[in-house]
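A short worksheet on the structure shown next.
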Amino acid sequence: MGEFRTMKYDPQILESKWQAFWEKEGLFKSTEDPSKEKYYLLEMFPYPSGRIHIGHVRNYTIGDVVARYMRMRGKNVLHPMGWDAFGMPAENAAIENNTHPAKWTFDNIAAMKKQLKRMGFSYDWDRELATCDPAYYRWEQLVFLKMYEKGLAYKKKTHVNWCESCQSVLANEQVEDGCCWRHTDREVTIKEMDSWFLKITEYADEILDYCQRLPGWPERVLTMQKNWIGKSYGAIIRFPMDGSDEVIDTFTTRQDTVFGATFLCFAPEHPLVKEIVKGLPQEKKVTDFVERTLKMDSYMRTADFTAKEGVFSGRYCINPVTEEKIPIFVANFVLFEYGTGAIMAVPTHDQRDFEFAKKYGLKLRVVIQNPDGNLDEETMAEAYVGEGTLVNSGPFNGQQNLAALDNIAEYLESKGMGHKTENFRIRDWGISRQRYWGAPIPVIYCDRCGTVPVPQDDLPVVLPLDLDMRPNGGSPLPFEPSFYKTTCPECKGDARRETDTMDTFVESSWYFDRYTCPDYHEGPLDPERVDYWMPVDQYIGGIEHAILHLLYSRFYTRVLKDFGYLKVREPFTKLLTQGMVCKETQECETHGLLYPYEVKEGLCVHCQTPVKTGNTVKMSKSKRNVVDPQDLIDQYGADTLRMFCLFASPPDRDLEWSDQGVEGSYRFVNRLWRLVVDHLEGLQAVGSYEGEGGLSEPLEALHRKTHQTIKKVTSDIENRFHFNTAIAAIMELVNEINQFLNSNEEKDQIAWSVIREAVTSVVVLLFPVVPHITEELQSMLGLDQSLVETPWPEHSEEALKEQKRLVVLQVNGKLRSKIEVPASYGKDEIEAEALADERIQRFTEGKAIKKVIVVQKKLVNVVV
RNA sequence: GCCGAAGUGGCGGAAUUGGUAGACGCGCUAGGUUCAGGGUCUAGUGGGCGCAAGUCCGUGCGAGUUCGAGUCUCGCCUUCGGCACCA
């Protein structure tokens, strides 16, 4: 009876057994060993929300397969895990549940850690870190001080993005479609505020340049980063004001059209606007317009459906090449942050300028004639943006416009009217957050000494934990004298601490470095260890960080390198962006969107009416189309869940959730279990076949299939991360083993040895995917060594050799027959055999054979 | 509008270099397990015609290259992402 019970597949029992074993033996601990080739595998660390979701499961399962595989390949693998532990949800939850963000965070970490352990992921938990730990963020504060020293961190008053839900400023990267990336229904407004910035623009050119040197990154991530950096080549052209010494700098990429510039536009925010209208009759009108425009939220103002609008400033400037007096406008479509915040307007060759000029009756002058030569400012209905020959352009008439770009830039430069330049779209990274649960910015403000950095010896500036949250949100720090009241490090007088905290993306910009030496206390990074492990060989995470975390990390890594903390310039050699997990939504007419557990047999559990199935979209609580990994673990075990996540689609594609698919994976795991358990006697009685020869044809086929599978699985994992096809190949082998077992073939010693070879191969190959059951089967098979320490198998070329080969026969490219030929046959013999084939003769009868194409050992095509 | 990816059975997906389209799994059908159900095993399963052997059609649509195209080229359609007044 007892024995019968152990023979049943019980994932709950055997999974915890093996998890305990791995932990006790410390099999996933990694230590630096210069004699071994290192492999640093990293998955994006989670925000400790309290429970793992299915996206984590997929991400971390993919990573775990690679980690376990690489370990079996003999690599010294680093596979750490930790917590992105600062951030606003902790503050909200604390207010809601009347607790403290720290307690909430640490409780969540404990709960999620338990879940990750239950999934059997092979992390080195000794390297665990939480970014809210002062022992972590103190080094970030140190780096901040060094950046401040070098001018890479600076404070300025400027127009910033404000999210009312976050009660905080956001960086440009954190605004999507005019909304906060965390609150997609909350429009961002523009506020003028004092904010700290990190000078990512200093590295923009290099980061862009290195996009060419990251062959291990997905093209679309690099494209997104290139677009975000937005480098363009052009010129600064200087327009002197009429009747004053003031000069207006404009940026253009189209200096070839400068002779057609018939007016100039300022962005509403431009500081010169106020100055030049002072005392003019237009002053009120202009200031009203500026105020009205700036009140609009940034999304509305810059949306392309917003009409181009502007107001005449009452002042003129001089086009430096035509010496013509041209009017100055203030226009809503001109961006202050891009270029110089002022543009020369060429209505004939820029559609925006064209619309603006038509609206306000401004002058047009064609300066690029199209190839038909019929372009006329009187009749044109839209701007001509194509190529052509310069006209009305003084000394440049007759030149091709593109060829003239450089010539005109040089001409401007020689006359002191401008110069060639490059411009970037990316702006500096605003890191001030008006939040409590973040790393304090280590700065002190003194009325006498101004902005004073906290002395390095006084670090860390610890975030105080013993204070009360403010009931209606907002940071308590500015209301906490024990925190903000301090003395000036320079004059020792009364001073005030900075109460803003850092963007949590600062923490995630270097956590991967810190994993290499989380216990180091002499500085941010232990040079020896960080140099051994960095860079990360393979990074795995969601595409949503394409231009957030991934761009910030590339910047921060360069800063650390320039400060001498690191030797690498790029943090992540290879990047895999896994797809989203999706599921169809379900909706009841009266009860709205339903969770899966609210639907029984297609009916709403509340009212028994049929449920409407909606689109398949990314799993999210708001769509209610979520499954809880914990429920799946409880029902099927971690192995089944891992198996399904890998089998349902390749990792970079979206995964469509299917309850039936999970059932299918569970069935396979059970089939694998029975394959060993039901034949234990035969399997235990022999050793694995090792290619000593003398096999019957069916046994040789099974032996060959075993080695074909080893070869296929290895290349699928190694070259493409296509775990779905790797698993499919193993399933095929399992099917063949079962077929042999069910056949009438004699099961003698040698037969069992070949079966054993096949079965042990299945067990080893599947270990990275389903580590618990395979460890159990491995030990049942009498193999003492843990699979963690078992080397990955290598296929034998000898075993792959076939006596006979299948050759496909075609007539005019259509499949007509198949024949088997000895592997030793050459082209001529195969051709002769093909032409002699009965079916081929039937299809070629009475026709002249024009040509015969023979593809060695594969195919013959007879053309008639 | 611009850039990119994708489009293959009832479904998820294979087909890595131009060479048997649909591996593997789900679902479905029939049968066995001497049958409550479930589980499990066996066989079948792209479509049309046919009793059958067969045969024709078939990878979003239309052309092209080729002995041969899911795969390459050109033109369109659809879907999904990203960017979008960036001067």
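Here is the naming used below: chain letters follow the sequence lines, and residue numbers restart at 1 for every chain.
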A69(B) versus U8(B) - spacing of their C1' atoms, nearest Å:
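My reading of the C1' atoms in A69(B) and U8(B) gives 14 Å.
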
Rounded P spacing from G19(B) to A87(B) in Å:
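That atom pair is separated by 44 Å.
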
Reckon [X] touches a base, only the sugar-phosphate, or nothing at all at heavy-atom distances under 4.0 Å?
| X | result |
| --- | --- |
| Gln810(A) | base |
| Asp353(A) | nothing |
| Val334(A) | base |
| Val808(A) | base |
| Arg254(A) | sugar-phosphate |
| Tyr666(A) | nothing |

Rounded to the nearest Å, what distance is computed from the CG atom of residue Leu222(A) to the C1' atom of nucleotide C3(B)?
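Result: 14 Å.
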
Integer-rounded Å distance: G27(B) C1' and Glu656(A) CD
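After rounding, the gap between these two atoms is 14 Å.
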
Ring-face cation contact, Phe843(A) with Arg816(A), 6.0 Å cut, 45° max
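Checked: cation-pi criterion met.
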
Taking only the side-chain heavy atoms of Arg653(A) (C-beta and beyond), determine which of U16(B), C86(B), G13(B) contains the nearest atom.
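Nearest nucleotide to the side chain: G13(B).
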
Basic-acidic side-chain contact under 4.0 Å: Asp837(A), Arg839(A)
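No.
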
Under 4.0 Å between a side-chain nitrogen and a carboxylate oxygen: does that hold for Lys618(A) and Asp654(A)?
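Salt bridge: no.
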
